[in-house]
Amino acid sequence: LFVIDAGVVSCHPNLANDIRAYFNHYTILSLVTEFILIPGGEIAKNNIKYLEKIFDAINHYGVDRHSYLAVIGGGAVLDLAGYAAATAHRGIRHIRIPTTVLSQNDSGMGVKNGINAYGKKNFIGTFCPPDGVFNDDQFLLTLSDRNWRAGISEAIKVSLIKDADFFHWIEINQPSLTKRDIKSMNYLVKRCAELHLDHIASGDAFERGSARPLDFGHWSAHKIEQLSNFEVLHGEAVAMGIALDTAYSLITRPFQKEQAYRIIDLLLAFGFDIDNPIAHITSTFCPLINGLTEFREHLGGKLTITILREIGEGMEIHHVSPFLLIKASDWLNQYCNHKLKIEKIGG
Ligand SMILES: NC(=O)c1ccc[n+]([C@@H]2O[C@H](COP(=O)([O-])OP(=O)(O)OC[C@H]3O[C@@H](n4cnc5c(N)ncnc54)[C@H](O)[C@@H]3O)[C@@H](O)[C@H]2O)c1
Ligand SMILES: [Zn+2]
């Protein structure tokens with residue numbers, strides 16, 4: 001049974017025929033003739049009717065535990081279909097074919113799925129590894145510039161906590177990545193996916209502990225997405241979250257200024273709107289600060305936030321001071337304004 005992101009179908013009109021041709025050739029496989037189309041983006045996770053649509057198809061076509069549900073799409077449709085597959089009949093095998101930078105370099109490899117509820121990201125979901133993941137760079141060619149760039153933030157994130165050389169590689173290759181050079185993008189996707197997979201395979205895949213290093217920058221990112229009514233994309237919100245937590249790392253410990261400048265400069269060079277007022281923390285009443293409580297609540301246990309010891313190495317903290325967050329946000333705001341002025345003077 002194929003579940004497909006409608007946004008992908010409109011950019012790849014031959015996709016349905018290609019899938020049919022493949023199954024006509026490999027007759028050992030049988031294909032459910034109807035393709036289940038789901039609108040791409042966060043709407044797929046926000047409206048329960050799309051989950052029901054997949055359950056209806058699983059039920060109607062008698063898809064069982066020895067069958068496969070294959071999903072082609074961005075991270076949102078992958079999260080939704082992964083959840084349907086993990087729960088129908090207590091678990092149908094599933095294959096992910098991610099089609100965005102973000103889903104190829106991060107979520108496709110992951111073990112998590114889910115949908116949003118009560119205005120909270122991923123409130124309902126399970127941990128369930130896929131049976132296979134196929135990354136095909138042909139899909140990336142039709143992405144909007146915005147979605148092409150958004151997924152790069154997850155690569156910056158994982159490089160900052162795990163691999164300083166990879167961060168340096170992204171700095172050097174920022175111009176070619178911005179110009180949509182597919183060779184550079186393939187390297188970025190592969191290295192990022194590798195780092196995610198290594199972490200998941202060697203660590204706490206089912207997140208029984210309190211630490212979630214791969215969620216560096218995410219406590220605020222999830223809240224920014226929600227506060228913007230999902231106008232800000234996940235990857236864009238992650239870029240804002242990385243900027244804020246970099247500033248917090250600088251304000252609270254001897255994290256070198258030069259390293260903080262490099263990170264913020266890189267995010268600005270990609271054109272991430274990290275100085276968007278939605279990410280400013282101006283007072284202790286700022287709704288963004290609630291993101292900390294929601295982040296802890298989602299995971300349970302002790303609040304554990306990853307900040308940076310240095311580029312390539314994260315460290316965990318268990319307390320975040322709202323006053324120092326305001327200071328960090330202020331520093332970030334001033335630095336971005338200063339950079340913008342220099343750019344204007346430079347022409
Ligand atoms: N499960 C996890 O571990 C995990 C990790 C990170 C992010 N996520 C989730 O992933 C979601 C974000 O995923 P995303 O960034 O992939 O974006 P997305 O799924 O929101 O898709 C963005 C848009 O791109 C379109 N699209 C997808 N592929 C396309 C293609 N090849 N060509 C043209 N258009 C295409 C979609 O139709 C949609 O309109 C969020 O819900 C986030 O929470 C999950
Ligand atoms: Zn993420």
Side-chain angles (χ1 to χ4, degrees), residues 1 3 5 36 38-58 63 65 68-98 100 102-133 151 154 196-197 199-201 203-226 230 233-235 237-238 241 291 293-301 304:
L1 174 70
V3 175
D5 185 320
I36 310 303
I38 305 285
E42 213 57 31
I43 188 176
K45 290 170 67 173
N46 278 335
N47 193 328
I48 198 102
K49 77 175 180 193
Y50 299 115
L51 179 67
E52 285 166 357
K53 189 172 173 181
I54 302 174
F55 282 150
D56 285 348
I58 291 172
V63 176
R65 287 191 195 166
Y68 287 85
L69 183 151
V71 50
I72 305 179
V77 174
L78 253 54
D79 272 3
L80 165 76
Y83 178 61
T87 49
H89 295 302
R90 297 203 174 104
I92 293 166
R93 301 169 189 189
H94 90 287
I95 293 171
R96 296 189 192 143
I97 305 176
T100 58
L102 189 138
S103 56
Q104 290 198 359
N105 71 12
D106 178 335
S107 79
M109 283 292 141
V111 293
K112 295 188 264 187
N113 56 52
I115 56 172
N116 308 329
Y118 305 106
K120 292 176 183 168
K121 286 275 295 183
N122 308 321
F123 186 84
I124 302 172
T126 70
F127 290 91
C128 183
D131 290 85
V133 182
E154 298 280 9
H196 275 91
L197 192 60
H199 178 85
I200 293 165
D204 180 18
F206 300 107
E207 297 178 359
R208 307 291 290 223
S210 302
R212 278 203 307 197
L214 291 179
D215 275 355
F216 170 56
H218 278 58
W219 72 264
S220 55
H222 287 155
K223 193 69 191 171
I224 290 168
E225 286 182 81
Q226 186 201 104
F230 301 100
L233 303 176
H234 178 74
V238 169
T293 316
E294 287 174 20
F295 188 78
R296 196 212 57 79
E297 212 176 83
H298 187 60
L299 188 66
T304 306

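In this structure, NE2 in His94 is found 7.5 Å from CG in Leu69, a value given to the nearest 0.5 Å. We find the NZ-NE2 distance between Lys223 and His218 to be 16.0 Å, quoted to the nearest 0.5 Å. Asp56 CG to Leu51 CG: the interatomic distance, rounded to the nearest 0.5 Å, is 9.5 Å.
The shortest side-chain heavy-atom distance between Asn122 and Asn116 falls under the 4.5 Å cut-off. Residues Lys121 and Phe230 meet the side-chain proximity criterion, which asks for heavy atoms closer than 4.5 Å. A 4.5 Å side-chain heavy-atom check between His222 and Glu294 finds every atom pair outside the cut-off. With contacts defined as side-chain heavy-atom distances shorter than 4.5 Å, the pair Met109/Gln104 does not qualify. Using a 4.5 Å heavy-atom cutoff, the side chains of Asp215 and Phe295 are in contact.
Residues satisfying the side-chain hydrogen bond (donor to acceptor under 3.5 Å, both in side chains) criterion with Asn113, sequence neighbours excluded, are Thr126.
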If you look only at distance, which donor and acceptor atoms sit under 3.5 Å apart when one is on a side chain in residues 77-87 and the other is two or more places apart or in another chain?
residue: Asp79; atom: OD2; partner: Lys45; partner atom: NZ; Å: 2.8
residue: Thr87; atom: OG1; partner: Tyr83; partner atom: O; Å: 2.7
residue: Thr87; atom: OG1; partner: Ala84; partner atom: O; Å: 3.4

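Closest approach of Thr100 to Gly75, counting heavy atoms only: OG1-N, 4.1 Å. Looking at every heavy atom in both residues, Gly40 comes nearest to Asp5 through CA-OD1, 3.3 Å. Of all the heavy atoms in Gly108 and Pro130, the pair that sits closest is O-CG, 4.0 Å. Listed here is the closest heavy atom pair of Phe123 and Ala117: CB-O, 3.6 Å.
Each of Asn47, Ile38, Ile48 was checked for a side-chain contact (heavy atoms from CB on, under 4.5 Å) with Lys53, and the lone residue meeting it is Ile38. Under the side-chain contact (heavy atoms from CB on, under 4.5 Å) test applied with Tyr68, the options Leu1, Asp131, Ile92 reduce to a single match, Asp131.
Using a distance-only test at 3.5 Å, with no hydrogens or angles considered, a donor-acceptor pair links the side chain of Arg93 to the main chain of Arg65. In this structure a side-chain-to-backbone donor-acceptor pair under 3.5 Å is missing from Asp106 to Gly151. When atom types are taken as modelled, the side chain of Arg96 and the backbone of Ser103 share no donor-acceptor pair closer than 3.5 angstrom.
Counted by atom type alone, Glu154 and His234 present one or more donor-acceptor pairs between their side chains at under 3.5 Å.
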